[in-house]
Structures are given as C-alpha cells and as structure tokens.
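Chain naming here is simple, since letters A, B, ... match the order of the sequence lines and numbering starts at 1 in each.
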There are 2 protein chains.
Amino acid sequence: MSVAETDIGAASREHLSRSKPEQRMELFHSRLRDRGLKSTSPRDDIARVFFELGRHVSAEELYAEVKKINPHVGYATIYRTLKLLKECELLNERHFDEDQARFEVAGDHHHDHFICEKCGKIVEFEDDAIERMQQDVARKLGVALTRHKLELYGLCADCRRSR
Amino acid sequence: MSVAETDIGAASREHLSRSKPEQRMELFHSRLRDRGLKSTSPRDDIARVFFELGRHVSAEELYAEVKKINPHVGYATIYRTLKLLKECELLNERHFDEDQARFEVAGDHHHDHFICEKCGKIVEFEDDAIERMQQDVARKLGVALTRHKLELYGLCADCRRSR
DNA sequence: CTAGTTGCAAATGTTTTGCACAAAC
DNA sequence: GTTTGTGCAAAACATTTGCAACTAG
C-alpha cells in the first residue's frame, strides 16, 4: 500500500518535485492548443497556483491564493478554469462530506482517501486488495464498473495521540 | 454478500413487508416523545410517505409525493422533518454524485451502494471482505475509522444487456 | 396556557451564466 | 479581424432560517 499526505490548504510540498508544476503547465498549454483554445494570463495564473499549491484546494482557497498574485481575477474565471483543467485531465474534482468541492492535481495512479474528522488532514492511499475486492463485488452483482469512490473517515495518527 | 435493489423514485416494494412502515411510524412517535417533541399531521404525512416510498428519495421527490396527500405542506417542513428523522436514526442521508442529497430508510445493517450511470438504479450490497480490508488499511495508516463511504459506479446488468 | 411547529418568503452558500468589453491567435 | 476569454453582476440551485400565526400536549 502506498500513502501520501496533504493538509487542507497546505502550500506546496517537497515531494512534488519543483519541476512538476512546470511540466503540468506545458501539458495544459498543449492540451489547450489541441482544442483550439487560448492561453491567457488569468488562466496561467490560476493553473500555476493550482499546480504549485498541491492537493485538495477548494475554489474559495484557490481564489484567495490567486488574488495574491493577480488581484484582478474573478470567481467566475476560477470556476471556468477549474472546469477546463478537469477536461484536460489535469485535475480531479472531489466531494467529501462538505458542501464545497475540492480539487486535486490529477496524478497518474488511482487512489482513495482517508479524511481526519478532527484536523481535516487528507491522506491518499492505494490498496490493490481493495481494488480487487471491488471487482469481485461487481462480478457478483453482474454489473460493469466504470469508477468508484472510497472514503474513510476517522481520526488520524496525530489526532489520536493528542486526545 | 447480500444485495437489495431500488429504482430512484420507485414506489413501495413488496420486500418491504406491509407492516414495516407502521413499525417505523411507531418508532418515530416514541422517539419524538422521548425528546419532548410533538407529533403533528405534517410530520406524520411526511414520515409515512417517506417510509412507504422506500429508499433513496430526493427532497424534491418526497415533496411532490407528500403534496399529493397533503397539498398544504411546505418545502421547509420537508427538510425539517428529514433532519428530524435522521436525528431519530430512522433515516440516512446520502450524497452520490449529484448536487441534491438522497435519503434512505435507515435499516439495521451497514451497506454500500452501486449506482447505474445509465438508468440511475441503486443496488445496495454488503461485503464483509471489503469491510475487513478497510480495517487493514486503517491499521496500516495508523488511523482510527469512524465511518466510510464506498460507492461503485457503472452499468447495471439490465443496461449492459440493452447496449 | 405555553412550548413547539408551521408556511411563507427571504437568506444562504456554492456554482453558473448573460453580456459588454478585452485580449489572443 | 474573428473568435475566444474576461469580469462583473445577476441567476440558479439546493437547503436553511426569521418570523408571525397556529396547534399539540
């Protein structure tokens, strides 16, 4: 099983090597070009901040961060660019328990999430055994799976200790 | 593994034996009494329709159904009564992919859901093996689980055939 | 009686959209 | 020069709340 942690609203992490955001930006630009869409500075600002921030930002948080480097951008452009990044397969939209969506940088591998109910920390993990069991269930139900969502909620290691 | 099906918006099912809704009504009344809350006719109408309809209704659908037998009730009372039923542990709130919540009659046992992306059918299932694996993951992560959410999406048996 | 409940309308919070102006290709 | 993108304000949507009138215990 592999694991990666993210604080909600945390700034960029070292395990996202410094060049990754730039690679994503290049992908973003080429995928825009493929669709006959334009690269603009609001778009670039939003995408770069999103890639550099790391994972699981809300639209609100992203808006606040983007404002710091470009106070001119509006909320609408944030949402429009998030949708665009999703269409370019550079972003995944998540709906945990809250009312607002959270957005993560799309990686190469599928993963599920653990969410700490006390501190809000999000831990990503992959577990092949669970993935296989889901296929077993699908077979027993006679259905064909296209995707799934597994979210575990509870107390993270730190919050357990500080109880 | 055990399984149970529900169409979104389907009317009451025979596998919900005819007396069940009345049993739920009695529970509802006694739990209201325990809390010093009142039984009223809007509340009763909403709760009875909810129990009789079966599972996975949206507030909108429930509102429409309740209107048929009591055109006087307002949306606010629907939501307030749903919240009350949840507090009485007679209802579970679910948030599948959509924007609106769906509400199911709370049963005795935990279960997860398969949702057909074509026809919207919802299939409930329980699988001990998956439940155990989740505990394994929690142990490996060093976290304590309080609850989880597993949703499988794809094509149900019927929709696969009619492709 | 009196605390709890209702319906309505208005407020909420998040996300989307219409539109005139502005910027990319 | 078109076509696409932007910001703003207004709309949309599901859900919640304030409040005066009402009703169950």
Could you check B/L91 against B/E104 for side-chain contact (heavy atoms from CB on, under 4.5 Å), going step by step and ending with a plain yes or no? CA-CA 6 Å; B/L91 173 153; B/E104 67 182 17; over 6 Å; no
Note: chain A reaches DNA chain C at heavy-atom distances under 4.0 Å over the stretch, first to last nt, 5' to 3', of C/dT14 to C/dC25
Give one of base, sugar-phosphate or nothing for [X], where a contact means two heavy atoms less than 4.0 Å apart.
X     : value
B/S39 : sugar-phosphate
B/R43 : sugar-phosphate
B/S58 : nothing

Please say whether more than 12 non-hydrogen atoms of neighbouring residues, nucleotides or ligands are located less than 6.0 Å from NZ in B/K140. yes
Where at least one partner belongs to residues 119-144 of chain B, residue pairs that pass ring pair (Phe, Tyr, Trp, His ring centres under 6.0 Å), sequence neighbours excluded: none
To the nearest 10°, let me know how far the axis at one end of the helix from C/dC1-D/dG25 to C/dC25-D/dG1 is tilted from the axis at the other, five pairs an end. 30°
Test of understanding: with side chain to side chain contact (heavy atoms under 4.5 Å, CB included), list the residues that count as partners of [X], not counting sequence neighbours.
X      : answer
A/S41  : none
B/T77  : B/P42, B/I46, B/R80, B/T81
B/A101 : B/E93, B/H95, B/F103
A/D136 : A/M133, A/R139

The criterion is ring pair (Phe, Tyr, Trp, His ring centres under 6.0 Å); which residues satisfy it with A/H148, sequence neighbours excluded? A/H110
Sequence neighbours excluded, the answer for ring pair (Phe, Tyr, Trp, His ring centres under 6.0 Å) partners of B/H111 is B/H109, B/H113
Atom pairs, protein N/O to nucleotides 12-16 of chain D N/O, distance under 3.5 Å:
{"from": "D/dT15", "atom 1": "OP1", "to": "B/A101", "atom 2": "N", "distance (Å)": "2.9"}
{"from": "D/dT15", "atom 1": "OP2", "to": "B/Y79", "atom 2": "OH", "distance (Å)": "2.4"}
{"from": "D/dT15", "atom 1": "O5'", "to": "B/Y79", "atom 2": "OH", "distance (Å)": "3.2"}

Would you kindly compare A/P71 and A/K38 by the position of their nearest DNA chain D nucleotide and give the one closer to the 5′ end? A/K38
Test your reading of the model: is there a side-chain donor-acceptor pair from A/R102 to the backbone of A/R55, 3.5 Å cut-off? no
For DNA chain C, which residues in residues 26-34 of chain B have a heavy atom at a distance below 4.0 Å? none
Working to the nearest 0.5 Å, report the span between CD of B/Q134 and CG of A/L150. 5.0 Å
Write down the distance between CD1 (A/I78) and P (D/dG5), rounded to a whole number of angstrom. 16 Å
Will you find, in the side chains of B/Y153 and B/E151, an N or O donor that is under 3.5 Å from an N or O acceptor? yes
Test of understanding: with side chain to side chain donor-acceptor pair (under 3.5 Å), list the residues that count as partners of A/Y79, not counting sequence neighbours. none
